[in-house]
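Shown next, in structure tokens, is the structure this report addresses.
Every value quoted in this text rests on a predicted model; they were computed, and no experiment measured them.
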Amino acid sequence: MLSSKIFSLFSKTKLLKTTTSNFILFNKLKYSSKNQDFENKFFKMSSDNKTTTTTTTTTTTPSTLNDKSTIKTTPIIDNNNNNNNNNNNNNNNNNNNNNNNNNNNNNNNNNNNNNNNNNNNNNNNNNNNNNENFKYTNKLINEKSPYLLKHAHNPVDWLPWGEEAFKIARDNDKLIFLSVGYMACHWCNVMERECFENVEIAKVMNEYCVNIKIDREERPDIDKIYMTYLTEISGSGGWPMSIWLTPQLHPITGGTYFAPEAKYGRPGFPDLIKKLDKLWRKDREMVQERADSFIKFLKEEKPMGNINNALSSQTIEKCFQQIMKGYDPIDGGYSDAPKFPRCSIFNFLLMTLKEDYSKQVGSLDKLVFTLEKMANGGMYDQVGGGFHRYSVTSDWMIPHFEKMLYDNAQLASVYLDAYQITKSPLFERIAKETLNYVSTKLTHTLGGFFSAEDADSLNLELNEKQEGAFYVWSYQDIKKAIQDKDDIEIYSFHHGLIENGNVDPKDDPHNEFKDKNVITIVKSLKETAAYFKKTLEEIEKSLNQSKEKLFKFREQFKPKPQLDDKIIVSWNGLMVSSFCKAYQLFKDEKYLNSAIKSIEFIKTHLYNSVGDDNDYNDEDDLLNNCRLIRSYKDGPSKIQAFTDDYSFLIQALLDLYQVTFDYKHLEWALKLQKQQDNLFYDIENGGYYSTSGLDKSILSRMKEEHDGAEPSPQSISVSNLLKLYSITYNEAYKEKAKKTLENCSLYLEKAPLVFPQMVCSLYLYLNSINTIILSTNSNDNQQKQQLLSILDEIHSNYIPNKLILLNDHSNNSIKQFFEKNTSNLNLSLSTPVYDKTTFSLCNPNGCTISTNQLQQIKSNLINQIYPKY
């Protein structure tokens, strides 16, 4: 049982400011006290200037941690020092959101962007085949990750994670310095420039440490373990993550960004390395004890909540109330700055919008207001489409400028849902422009989706890289690009652009945006038309022309951000789901083609299958015959897929099935679910581990128990299992979903805000799924047209808990598939009535009588959906 002292964390820390890890919420006080001796000793060594401050100087915000949490400084020296000086400013820059164009012309991006896979953006591979051009080359040159290759010519003797590095550390009795980051991370780039490219600092690193560099997007399992440690000792975490390990891989201390020189009484990075080496040599027993304590800490059993309370409607309402407490009525959003577009919250609010408690407070209006503010802010790229990671300022004006695939995938989906509910032209435009951005900038020619675009690019005025240089504008460049005087005035008025820049100095502590403009929308079309005494059509035409000119100017004259062109299965799964939703709403074949090509890419390049037999004798047989690979960059990586790759891909296949009705997508989803269960399911306690346990260098198997920048794979898995149960009536799926919910019961009962997407899955579990069964003969053109009309009617309604199944009697393979894989007689025995496409709906109210009458189908969709939307 939890002590009342530890439970008090729930009320004292705003719940999510701690971290993703259950250990933070449940064991923080216990673990921290164990390590005070080390903290005191190191603090004493580091206080050359008689200070009591921490080691690092930046504040960054992690993508997998709570979107509200902000990195403190390194906890080695003083766990109590917050020093979050610039949380609202440029230091919160590790993730990417999607930007927003202010006009309807979402196709204006297509002009120069169709060479998706080259993107000519980047030079991000560092010409690794031309090593003769570089003075230094280390072992990272043999890796596939663009982020690792970026460091292949540092003077640091970087090694990839693996036995070679571990053995060197053991043989030489050296500490390991583990540096974890990702390509689009601004402060990762800063630390590289300041420390890892510095020859003198590299000498210190090479002399005292074995240095390992990790791409967190490639190895989320390693990142998860050591981020748990960092957030445990500091209360928060971020990237770059800098951790010192014993040769046995046990962490002894860590932080995020470290400055190259001592500042404000804090030791510089090379001084810190020397001090830690001295501790390792002089006080081995104490350091080892600290390291071992974390391993014990990882193995402690997690308490459970009251399952009856957790798996009830009380949890759903509690989650709603916790979200609403954070609502900002001035600028929208559900937290203070920095503001993250945490899509699991949006999804939850959309799913519950018809509940009485939601209607009473007008939650839909609040969400619409939030989405409008985001769409009009600088977090959305008003020129090129797509979202940046998040907003530093409360008004959504100043972003951190990374653009991440997972953000754009999820936000496109949210805006599509919001459009379906409200029919807002703004939401339609934002969704389409975001999808267009991904199609033209983040798509491989063979169909996979790339990971990200960097926050930094070359500032030609300074001849050095700066954050946001590609996206911010001097007024002179605005005038050069638009040229027409009237259009310049209209565009500047509408977007709030001025000669000496529109960025408030207090929001720019590093003077990166001095005399620059971040393009936002500050006036409505009506206000702009009234000011210039023109019609709305004239204003809209002028703005669209200016926007297109700015886009072309930026493409031609501004150095582009680097592209991280690795293809990650999980993020591709999220993107496929959004393209499927777009196809359902707009019937544009390009969206369907994008979804299909991504799935084909994954199956062709990232899925090793021997034979096509779905039946396996045992777990070893399954593992030996079918392997999903995590990522692709100039070929598949050597890294096996993780739980999120399986769960997000299964979700994508279920979504793709519902727009193509190709049973092979269901067939693969069932196969992958079997493999996910074998590799990751916790048979004893329920829930899914993030890793398979096959890599013995990972200290502990952990479960992702937080919906952050990405949903937890456990949350998505519960939803997948419930849908697979609705298809097959296989009770094992429903039981695994229930056991996973129960395993997360403490969060669901006490702090559901940690887990909004899991609460969505709980909502499905409690309310069941509206299973729509359609029966047709697609060889009959009349029935095919009837099917399309029925689908149009279904998709005109917002029904988030629906599942559409098709029994096509013209295809014997479909019949055989359902006979083999389902006990759902409502599905397998369904037939067209009077040779017409037939509709039936099954939910907790029972199954409706099969009908082929469109008016009756409309009535059923309004009156028989459970709960009513």
Side-chain angles (χ1 to χ4, degrees), residues 109-110 112-125 128-129 143-147 149 183-184 215 217-218 386 403-406 408-409 412 434-453 560 562-580 582-583 588-609 612 626-641 644-646 648-653 655-657 659-660 662 664-665 667-669 671-672:
N109 307 3
N110 289 331
N112 298 317
N113 291 346
N114 290 324
N115 295 326
N116 318 332
N117 61 314
N118 349 350
N119 246 322
N120 299 332
N121 282 359
N122 312 310
N123 305 325
N124 58 315
N125 294 335
N128 53 297
N129 293 322
E143 298 300 303
K144 287 187 175 292
S145 160
Y147 176 69
L149 289 170
M183 173 66 86
D215 181 344
E217 296 167 354
E218 249 191 356
K403 283 184 173 181
M404 306 297 293
L405 178 65
Y406 60 76
N408 284 280
T434 301
L435 295 171
N436 182 67
Y437 161 72
V438 172
S439 296
T440 56
K441 289 290 190 179
L442 296 183
T443 303
H444 192 287
T445 48
L446 298 178
F449 302 118
F450 299 139
S451 295
E453 286 190 298
K560 298 178 179 64
Q562 285 187 306
L563 173 74
D564 186 341
D565 57 349
K566 71 176 175 293
I567 295 167
I568 296 174
V569 170
S570 60
W571 299 0
N572 272 247
L574 293 173
M575 197 68 243
V576 166
S577 292
S578 288
F579 275 115
C580 289
Y583 178 70
D588 191 327
E589 291 291 330
K590 69 182 179 184
Y591 298 136
L592 179 59
N593 290 337
S594 290
I596 290 173
K597 287 182 69 176
S598 174
I599 293 297
E600 288 176 346
F601 184 95
I602 293 170
K603 195 161 191 178
T604 300
H605 298 284
L606 292 170
Y607 186 65
N608 297 332
S609 177
D612 52 12
C626 293
R627 293 286 184 92
L628 190 62
I629 307 300
R630 168 71 173 175
S631 59
Y632 180 100
K633 170 68 174 73
D634 299 328
S637 71
K638 300 176 183 178
I639 300 164
Q640 299 296 314
D644 60 337
D645 298 302
Y646 281 88
F648 296 2
L649 178 57
I650 292 166
Q651 176 179 250
L653 289 167
D655 291 335
L656 185 57
Y657 166 75
V659 294
T660 64
D662 183 344
K664 291 182 180 178
H665 299 313
E667 187 174 54
W668 195 24
K671 193 174 188 180
L672 288 171

May I ask you to test the Y607-L649 pair for a side-chain heavy-atom distance under 4.5 Å?
no
Y657: which residues meet the side-chain hydrogen bond (donor to acceptor under 3.5 Å, both in side chains) condition with it, sequence neighbours left out?
none
Tell me, please, which residues at least two apart from E217 pass salt bridge (Lys or Arg N to Asp or Glu O under 4.0 Å).
K566
Between E453 and Y437, which heavy-atom pair has the shortest distance, and what is it?
OE1-OH, 2.7 Å
The criterion is ring-ring contact (aromatic ring centres under 6.0 Å, His included); which residues satisfy it with H605, sequence neighbours excluded?
F601, Y632
Residues forming a side-chain contact (heavy atoms from CB on, under 4.5 Å) with K638, sequence neighbours excluded:
none
Counting distance only, does the side-chain N/O of D645 pair as donor-acceptor with the main-chain N or O of S570 below 3.5 Å?
yes
With a 4.5 Å cut-off on side-chain heavy atoms, are D565 and K633 touching?
yes
How far apart are the closest heavy atoms of I599 and A652, and which atoms are they?
CD1-CB, 4.4 Å
Atom pair CG (L435) and CG (L442), whose distance is rounded to the nearest 0.5 Å:
11.5 Å
Separation between CD1 (I650) and CG (L653), nearest 0.5 Å, reads 7.5 Å
Return all side-chain donor-acceptor pairs below 3.5 angstrom for residues 572-579, not counting sequence neighbours, or 'none' if the list is empty.
| unit_1 | atom_1 | unit_2 | atom_2 | d |
| --- | --- | --- | --- | --- |
| N572 | OD1 | F449 | N | 2.8 |
| N572 | OD1 | S598 | OG | 3.0 |
| N572 | ND2 | F449 | O | 3.0 |
| N572 | ND2 | I568 | O | 2.9 |
| S577 | OG | G573 | O | 3.3 |
| S577 | OG | D655 | OD2 | 2.7 |
| S578 | OG | A409 | O | 2.4 |

Can you name the side-chain contact (heavy atoms from CB on, under 4.5 Å) partners of D662, sequence neighbours left out?
T660, K664, H665
Rounded to the nearest 0.5 Å, what separates atom CG in L592 from atom NZ in K597?
12.0 Å
Between the CD atom in E589 and the OH atom in Y583, the distance rounded to the nearest 0.5 Å is 4.0 Å
What is the distance from atom CG of D564 to atom CG of D215, rounded to the nearest 0.5 Å?
6.5 Å
Worked check of side chain to side chain contact (heavy atoms under 4.5 Å, CB included) between R630 and D644:
CA-CA 10 Å; R630 168 71 173 175; D644 60 337; 3.2 Å; yes
For S631, which residues count as a side-chain hydrogen bond (donor to acceptor under 3.5 Å, both in side chains) partner, sequence neighbours excluded?
S637
CD1 of I639 to OG of S145: how many Å apart, nearest 0.5 Å?
8.0 Å
S451 and its side-chain contact (heavy atoms from CB on, under 4.5 Å) partner, picked from Y406, Y147, W571:
W571
Measuring only between side-chain heavy atoms, which start at C-beta, is I629 closer than 4.5 Å to V569?
no
